[in-house]
Amino acid sequence: MNSRYTRQETFKGIGKEGQKRLREKHALILGVGALGSANAEMLVRAGVGTVTIIDRDIVEWSNLHRQQLYTETHAENQTPKAIAAKERLQNLNRETVIKSYVIDAKADNLEKLVKEADVIIDGSDNFDIRFIINDLSLKYRIPWIFGAFAGSFGMSHTFIPGQTPCLQCLLPALPTDGMSCETAGIIAPAVQVTASYQTAEAMKILTENTSDLRQTLLLFDVWKAQHQSIGMKGVKKASCSSCGDHPSYPYLQAEGNTKLEVLCGRDTVQIRPPNITSYNFSTLARELEQHGDVHHNQYILTCVLPECRMNVFHDGRVLIHGVNEVERAKLLYQRFFEHTGS
Amino acid sequence: MNSRYTRQETFKGIGKEGQKRLREKHALILGVGALGSANAEMLVRAGVGTVTIIDRDIVEWSNLHRQQLYTETHAENQTPKAIAAKERLQNLNRETVIKSYVIDAKADNLEKLVKEADVIIDGSDNFDIRFIINDLSLKYRIPWIFGAFAGSFGMSHTFIPGQTPCLQCLLPALPTDGMSCETAGIIAPAVQVTASYQTAEAMKILTENTSDLRQTLLLFDVWKAQHQSIGMKGVKKASCSSCGDHPSYPYLQAEGNTKLEVLCGRDTVQIRPPNITSYNFSTLARELEQHGDVHHNQYILTCVLPECRMNVFHDGRVLIHGVNEVERAKLLYQRFFEHTGS
Amino acid sequence: MVKVLLFARLQEEAGTDSLTVPQSDMSVAELKQWLEKEYGLTSLSNTMTAINENYTDDSALLSEGDTVALIPPVSGG
Amino acid sequence: MVKVLLFARLQEEAGTDSLTVPQSDMSVAELKQWLEKEYGLTSLSNTMTAINENYTDDSALLSEGDTVALIPPVSGG
């Protein structure tokens with residue numbers, strides 16, 4: 001076991017001292033889809049002391065071509081990603097403490113979890129949550145590492161509170177036309193390159209090798225073998241409401257009412273009730289059995305109807321599969337769930 | 001299951017037609033260490049019809065930080081990599097036929113295996129075997145994709161018989177000063193970026209999307225975020241003994257006598273007997289028990305002596321761990337094995 | 001003259017990864033409008049922009065010989 | 001004048017990733033010898049070489065303003 005990290009300690013950027021530091025540090029990975037899986041596996045294998053993973057989704061067949069922690073069995077059993085990921089990661093390194101949360105990350109529940117982290121790694125698939133990460137990073141002075149991809153194209157940037165510009169300096173408005181996996185597809189090599197640049201930066205932060213940190217926005221296309229670094233001179237804005245002289249952290253304010261949200265990469269609408277509900281799956285199953293086929297495991301209840309498939313989580317979230325329009329999903333939700341729950 | 005490859009089919013470089021072609025094709029991966037693991041996982045998940053993996057080694061603790069198909073259990077059980085890899089890969093995609101060989105690849109045994117492949121992926125760790133791959137690729141007109149790394153630096157090139165220059169055009173002599181994992185260490189992100197560029201090229205070949213193939217030698221440093229493409233104009237030599245007008249395939253000729261070889265990345269010498277031996281582990285165990293602690297599983301027999309640890313394979317190969325000098329290893333081998341075997 | 005580098009979906013929309021724009025006497029916002037009209041590129045308003053490999057915004061003014069990179073934010077993770 | 005880009009172990013040996021060589025009137029082989037002597041770089045004989053981003057060999061002659069990349073073959077897999 002002594003030789004476990006020899007090859008990594010031999011690498012100049014880490015060394016024996018860096019290896020010791022990795023063991024003392026805590027990385028939080030928000031989302032263990034494609035990027036989160038790849039980052040989590042590299043950091044756990046590398047010997048990071050504590051890794052927190054957070055994800056609201058279950059493993060689906062369409063994930064398997066690019067999300068490396070999951071097997072066909074996970075897709076068959078509809079295992080929540082955070083559960084499946086923890087199981088695999090722990091087999092890779094029993095020395096790493098792995099904390100796993102099947103929750104829908106929002107500003108309030110994240111706030112408690114991020115405080116302990118030394119770095120936050122973006123494994124999310126939308127900019128709503130990235131702006132929340134950005135504000136949490138600034139409020140608690142924790143670096144975060146942005147990553148995103150579409151098709152064969154990927155990008156990454158490292159945000160260091162007090163030093164670099166923040167996400168809001170780069171994107172004053174929430175992007176509405178972001179190319180998603182839905183429209184451009186995705187190939188696994190683009191995931192891996194994006195995650196590799198994220199992990200390399202995380203390693204620098206966790207080994208306190210901050211002088212090696214990249215100062216640029218990195219862009220690359222793994223199919224065309226293009227690569228570009230964009231400098232950030234003059235981008236940080238003193239007036240920025242997130243990182244400026246008088247920050248208000250706008251994305252940590254005010255959560256909405258019942259929030260409907262179209263998820264990335266599939267025919268699915270997620271419904272989030274305004275209050276956290278706690279379903280009794282046996283009771284709920286009896287109700288829904290009047291309408292369709294129902295089965296459930298420890299984490300999730302599935303109801304198959306002629307027009308759609310619904311997955312229900314303990315916390316009240318419902319994923320409606322086979323539906324793309326938000327309004328239609330809302331109607332289905334109201335029909336089956338508005339009168340249920342505790 | 002229909003939606004399994006949707007995101008990949010949506011990617012323009014692949015499409016539905018490309019996905020069908022992947023299913024009909026055969027990729028051979030020579031070596032499932034770090035690069036081989038990463039390539040194999042991506043190609044199996046991507047839905048390639050048949051994947052052949054070849055490796056002579058067993059999983060060791062020092063592999064785990066960068067070799068993604070293996071767990072701590074594999075290191076504890078000293079499972080051969082080709083066996084452990086097949087098990088994991090099959091759980092990722094039961095539709096892919098996975099052929100797995102625990103053998104020490106040489107020109108003669110490889111020649112039979114490569115003939116069926118549509119692409120050969122370099123997962124090896126030395127140039128001896130790469131020159132053999134190069135000659136086999138040219139003799140049987142099968143493209144191969146070179147990949148190698150050290151520290152945070154990696155390189156890759158795609159060799160297409162009849163079109164590109166070959167490895168021997170690039171390196172007229174066998175490199176003797178190649179920086180190895182032994183001296184420069186290695187971090188997982190460098191592995192993943194190298195493998196990602198290999199897999200992207202393999203996907204182009206397997207989907208017959210050859211116009212997208214990269215024509216350049218790619219160099220990159222994942223820690224420094226450097227990236228360089230080197231063109232190949234005028235490099236192909238008509239006089240080349242591997243790819244020229246009158247090829248002799250020098251690396252497919254003449255194998256040596258008892259061949260001793262220092263493996264990459266650890267205190268180990270491998271001894272290869274001149275004739276394939278077939279050990280009966282029970283008989284061998286009784287002999288060696290006079291000298292040290294002996295235990296064996298289905299694939300491997302381990303004998304722990306005061307001065308070293310020896311692993312013996314059915315085919316007669318012996319790995320002597322804890323020894324760096326070839327001469328000392330030879331003496332140990334002669335003392336314990338020259339009179340054994342069938 | 002200004003050189004424009006395109007990334008991600010913009011490469012597909014324009015059918016190329018770089019363009020040459022004959023004049024340079026304009027802002028980034030004006031360049032984006034011009035490209036939307038001339039090349040049918042869709043919604044460049046949220047596109048990130050760099051001039052000569054440094055990040056900038058829509059109000060920046062271009063100079064002769066500049067290289068402008070237009071980077072649509074992607075969201076997959 | 002010739003610009004020399006270094007990769008992998010050569011960066012560590014030279015303590016930098018690029019060098020400037022004052023003269024250009026030589027072959028790649030001569031440049032390698034000169035660098036071994038001046039910068040203490042070890043065994044450049046097997047190092048792969050590119051001039052202006054195209055692969056070449058030791059016999060190639062340099063010209064004023066060329067950029068030479070020296071790439072030690074690495075073997076890890």
Side-chain angles (χ1 to χ4, degrees), chain A residues 1-14 38 41-42 45-47 60-62 64-66 68 70-73 91-94 151-152 181-193 195-197 199-200 203-204 212 214 216 218 220 222-225 227 229 265-266, chain B residues 1-14 38 41-42 45-47 60-62 64-66 68 70-73 91-94 151-152 181-193 195-197 199-200 203-204 212 214 216 218 220 222-225 227 229 265-266:
Chain A
M1 299 272 293
N2 280 340
S3 64
R4 178 161 191 163
Y5 304 110
T6 328
R7 302 294 155 254
Q8 201 166 270
E9 289 171 353
T10 308
F11 174 64
K12 282 216 166 176
I14 294 184
E41 177 154 350
M42 282 189 272
R45 286 186 182 275
E60 305 201 45
W61 286 98
S62 65
L64 293 183
H65 85 100
R66 67 187 185 284
Q68 75 192 65
Y70 312 121
T71 66
E72 292 189 337
T73 308
N91 288 334
L92 307 182
N93 196 341
R94 69 187 68 149
S152 54
C181 338
E182 195 87 62
T183 56
I186 175 65
I187 52 171
V191 171
Q192 294 297 335
V193 175
S196 294
Y197 280 111
T199 290
M203 286 174 160
K204 296 173 193 174
D212 279 359
R214 210 185 57 235
T216 54
L218 200 65
F220 42 83
V222 70
W223 197 262
K224 292 165 188 151
H227 182 101
S229 285
R266 42 196 159 117
Chain B
M1 298 270 292
N2 280 338
S3 63
R4 178 161 190 163
Y5 304 112
T6 328
R7 301 294 155 255
Q8 200 166 271
E9 289 171 353
T10 308
F11 173 64
K12 283 215 166 178
I14 294 184
E41 176 153 353
M42 282 190 272
R45 287 186 182 275
E60 303 199 47
W61 286 99
S62 64
L64 293 183
H65 85 100
R66 68 188 186 283
Q68 75 191 67
Y70 312 122
T71 65
E72 292 189 337
T73 308
N91 289 335
L92 307 181
N93 196 342
R94 68 187 70 149
S152 53
C181 338
E182 194 88 61
T183 55
I186 175 65
I187 52 171
V191 172
Q192 294 296 334
V193 175
S196 294
Y197 281 111
T199 290
M203 285 175 160
K204 296 173 193 173
D212 279 0
R214 211 185 56 233
T216 54
L218 201 65
F220 41 83
V222 71
W223 197 261
K224 292 165 188 153
H227 183 101
S229 286
R266 40 194 160 117

Identify the two heavy atoms, one from [X] and one from [Y], that lie closest to each other, and give their separation to 0.1 Å.
X	Y	answer
A:Tyr70	B:Arg45	O-NH2, 2.9 Å
B:Arg7	A:Ser62	CG-O, 4.3 Å
B:Glu72	A:Asn93	OE2-CA, 3.3 Å
A:Ser229	B:Ala225	OG-O, 4.5 Å
A:Ala200	B:Pro189	N-CG, 4.0 Å

With a 4.5 angstrom heavy-atom cut-off, which part of B:Ile187 approaches chain A: side chain, backbone, both or neither? side chain

Answer with side chain, backbone, both or neither: which region of B:Leu92 has an atom nearer than 4.5 Å to a non-hydrogen atom of chain A? both

Let me know if [X] has heavy atoms under 4.5 Å from chain B in its side chain, its backbone, both or neither.
X	answer
A:Leu218	side chain
A:Gln8	both
A:Thr216	neither

I need the residue from A:Glu41, A:Lys12, A:Lys204 with the largest number of non-hydrogen atom pairs under 4.5 Å to chain B. A:Lys204

When heavy-atom pairs shorter than 4.5 Å are enumerated against chain B, which of A:Leu64, A:Thr73, A:Ile14, A:Val193 gives the highest number? A:Leu64

Among B:Arg214, B:Met42, B:Lys224, which has the most heavy-atom pairs under 4.5 Å with chain A? B:Met42

Can you find a heavy atom in the side chain of B:Tyr197 that is under 4.5 Å from one in the side chain of A:Val222? yes

Is the shortest heavy-atom distance from the side chain of A:Glu60 to the side chain of B:Ser3 under 4.5 Å? no

Look at the aromatic rings of A:His227 and B:His227 and report parallel, tilted or perpendicular, splitting at 30° and 60°. parallel

Partner residues of A:Asn91 under the side-chain contact (heavy atoms from CB on, under 4.5 Å) criterion, sequence neighbours left out: B:Thr71

Run B:His65 and A:Glu9 through side-chain contact (heavy atoms from CB on, under 4.5 Å) and show every step you take. CA-CA 11 Å; B:His65 85 100; A:Glu9 289 171 353; over 6 Å; no

